[in-house]
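Here is the structure we will look at, set down as structure tokens.
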Amino acid sequence: VSSLVRHALEQQKKLSELSAEELSRFSDRLDEEYYEVLASGSWLDSKVSEGGTGAARIEEQMRRAKEALEGIGDAKS
Amino acid sequence: MRWRVGRKLPAMARFRDPPDPVFRSINTSVGFDRRLAAHDIAQSRAHVAMLAGTGVLTTEEADQLATCLEQVAAEVSDGGFRVSPEDEDIHMAIERRLTELAGPVGGKLHTARSRNDQVATDMAMFVREQATSAQALLGELMGTLVGQAERHIDWAMPGYTHLQRAQPVYLSHHLLAYFWMFRRDFERFAFCREACGELPLGAGALAGVNWNTSRMQVAQELGFESVAANSLDAVSNRDFVLDYLSGASICAMHLSRLGGEIVLWSSEEFGFLELADSFSSGSSIMPQKKNPDAASPHYSGCCTAFRSPTTRTCRRTRNTSSTQSTPSTSACAPRRECSRRPPSSGMLWRRQLETSFSLRPMSPTCSCGAVCRSGKPTGS
């Protein structure tokens with residue numbers, strides 16, 4: 001992968017702009033999925049671990065934050 | 001009647017010579033402990049009620065003292081209270097004024113207490129009040145952060161390490177990081193309030209007093225949980241001040257991080273957010289600038305984040321940019337009396353976040369460069 005990144009930098013291309021032919025020079029495992037991963041927001045939502053930035057985890061965190069905020073309201077009064 | 005200049009106070013009558021003016025200026029604390037005045041009067045009020053309840057004062061004496069204390073309180077709150085040059089500290093100033101109003105019975109206020117337990121009590125009340133106020137401000141700020149996180153729940157942005165784009169995160173995630181920092185700060189101030197919970201008053205100078213006073217009555221009146229168990233510890237304990245300073249320093253550091261990011265993000269180079277006009281300043285010779293002054297840590301005064309609301313001195317600084325050729329004035333700005341009470345920084349931060357956090361949508365092609373192409377609200 002690092003050679004792929006170096007190649008992209010040398011070619012002044014974004015990773016998603018590399019052609020299938022270029023990809024094949026670095027790996028025989030990179031197929032269409034490579035473009036899917038780069039083209040979507042899946043990088044963010046792949047962070048599925050607790051406390052991570054994935055959308056589901058943020059919703060969870062948001063709930064906890066609101067609970068904490070309510071707790072604070074109780075503590076102040 | 002006021003103390004005449006040069007008159008020896010009763011406690012000083014054992015000395016033949018009057019205090020040297022230099023010594024007096026070193027020894028006086030009234031310049032800064034005057035902010036304890038309201039607490040000092042409140043504890044005197046409770047003390048008088050207790051002395052009457054335990055028979056140390058007659059009801060008439062207590063009533064007279066209470067009435068005159070109210071008058072002193074009114075003078076303090078309307079700014080008419082005058083400190084005499086002989087007043088070493090605020091306790092002495094208030095008692096002196098009380099005696100002017102009440103006559104000799106005023107001296108009885110000091111029965112069964114000392115300035116040692118008195119100042120420790122004032123400090124505990126003052127710190128507790130400040131910690132409570134900091135908690136209220138933090139609560140508002142945390143509410144604002146949750147609201148902004150909710151509004152930007154799926155806005156993608158680059159996350160950085162070493163200021164290098166590392167991995168994408170949601171803006172909501174980034175903002176909530178601050179929420180948890182401020183929650184810890186909130187807890188630290190809660191601990192600080194607990195640490196102020198034992199009443200020192202009644203410990204006397206250090207060994208207790210000659211009356212079997214009802215300290216718990218005073219404690220309940222003043223909102224203390226209990227009474228300090230050891231008179232020596234009671235008069236010397238200022239741990240809670242350090243607890244407060246520690247909590248305030250850590251909180252100021254968190255505010256400073258947030259401010260630093262607002263400055264960075266509103267720069268042309270980052271362009272992540274544009275501050276509201278109402279929280280920006282300009283420059284007549286550099287009209288392209290929109291300065292995030294209020295977010296700059298050295299402007300917004302993270303070091304005074306929880307400035308006492310009763311403090312009327314403020315620092316004015318201008319042009320503290322590190323790139324200017326003249327020396328920065330931030331560290332040595334003259335203190336000057338300010339007729340307007342400066343807004344607390346806590347409030348400033350909340351208002352700024354509320355009004356200014358209109359983030360620019362990220363360019364669809366550049367949020368995370370080569371790695372992430374999702375640089376726009378993913379929901380749209």
Side-chain angles (χ1 to χ4, degrees), chain A residues 1-19 22-23 26-27 30 32-77, chain B residues 131-159 167-180 182-187 189-190 193-194 364-380:
Chain A
V1 172
S2 38
S3 336
L4 189 71
V5 169
R6 193 172 65 235
H7 173 76
L9 287 169
E10 283 166 1
Q11 298 297 310
Q12 295 191 330
K13 285 181 176 178
K14 291 184 165 39
L15 285 177
S16 56
E17 290 168 352
L18 297 176
S19 67
E22 284 172 298
L23 292 183
F26 296 94
S27 167
L30 296 175
E32 274 307 300
E33 198 188 346
Y34 170 89
Y35 296 102
E36 281 168 30
V37 167
L38 289 182
S40 74
S42 62
W43 260 89
L44 282 141
D45 293 329
S46 66
K47 296 289 181 280
V48 294
S49 60
E50 228 175 302
T53 198
R57 291 303 189 177
I58 287 202
E59 261 178 51
E60 196 175 80
Q61 187 186 170
M62 205 69 183
R63 254 196 324 274
R64 287 183 62 183
K66 284 179 179 173
E67 278 168 22
L69 208 53
E70 278 173 30
I72 274 172
D74 297 341
K76 276 195 297 187
S77 56
Chain B
T132 307
S133 149
Q135 281 188 302
L137 291 166
L138 278 172
E140 288 176 26
L141 181 55
M142 289 162 71
T144 300
L145 280 167
V146 164
Q148 289 292 6
E150 205 156 34
R151 274 189 283 284
H152 301 93
I153 192 98
D154 58 358
W155 285 44
M157 64 174 284
Q167 292 182 329
V169 291
Y170 286 116
L171 175 58
S172 50
H173 195 56
H174 197 107
L175 291 174
L176 285 177
Y178 285 101
F179 176 92
W180 300 110
F182 294 133
R183 178 162 180 259
R184 290 195 298 276
D185 295 333
F186 186 94
E187 294 301 325
F189 286 119
R193 282 171 61 181
E194 276 177 41
T365 54
C366 72
S367 88
C368 280
V371 177
C372 176
R373 304 298 305 277
S374 63
K376 61 181 169 23
T378 51
S380 59

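Every chain is numbered from 1, with letters handed out A, B, ... down the list of sequences.
- Listed by chain and number, the residues in a side-chain hydrogen bond (donor to acceptor under 3.5 Å, both in side chains) with S19(A) are E22(A) (sequence neighbours excluded).
- With respect to chain B, the highest number of heavy-atom pairs below 4.5 Å among R64(A), M62(A), K66(A) belongs to M62(A).
- Ranked by heavy-atom pairs under 4.5 Å with chain B, the first of T53(A), L9(A), V5(A), I58(A) is T53(A).
- Heavy atoms closer than 4.5 Å to chain B are found in both the backbone and the side chain of A65(A).
- Remark: E50(A) engages R57(A), E60(A) in a side chain to side chain contact (heavy atoms under 4.5 Å, CB included) (not counting sequence neighbours).
- The shortest distance between side-chain heavy atoms of H152(B) and M157(B) does not fall below 4.5 Å.
- Between chain B and the options G52(A), A55(A), G54(A), heavy-atom pairs under 4.5 Å are most frequent for G52(A).
- Nearest heavy-atom pair, H173(B) versus G51(A), reported as atom, atom and distance to 0.1 Å: CE1-O, 3.2 Å.
- Closest non-hydrogen pair, L176(B) versus V146(B), comes out as CD2-CG2, 4.4 Å.
- Contacts between E150(B) and chain A at a heavy-atom distance below 4.5 Å involve backbone atoms as well as side-chain atoms.
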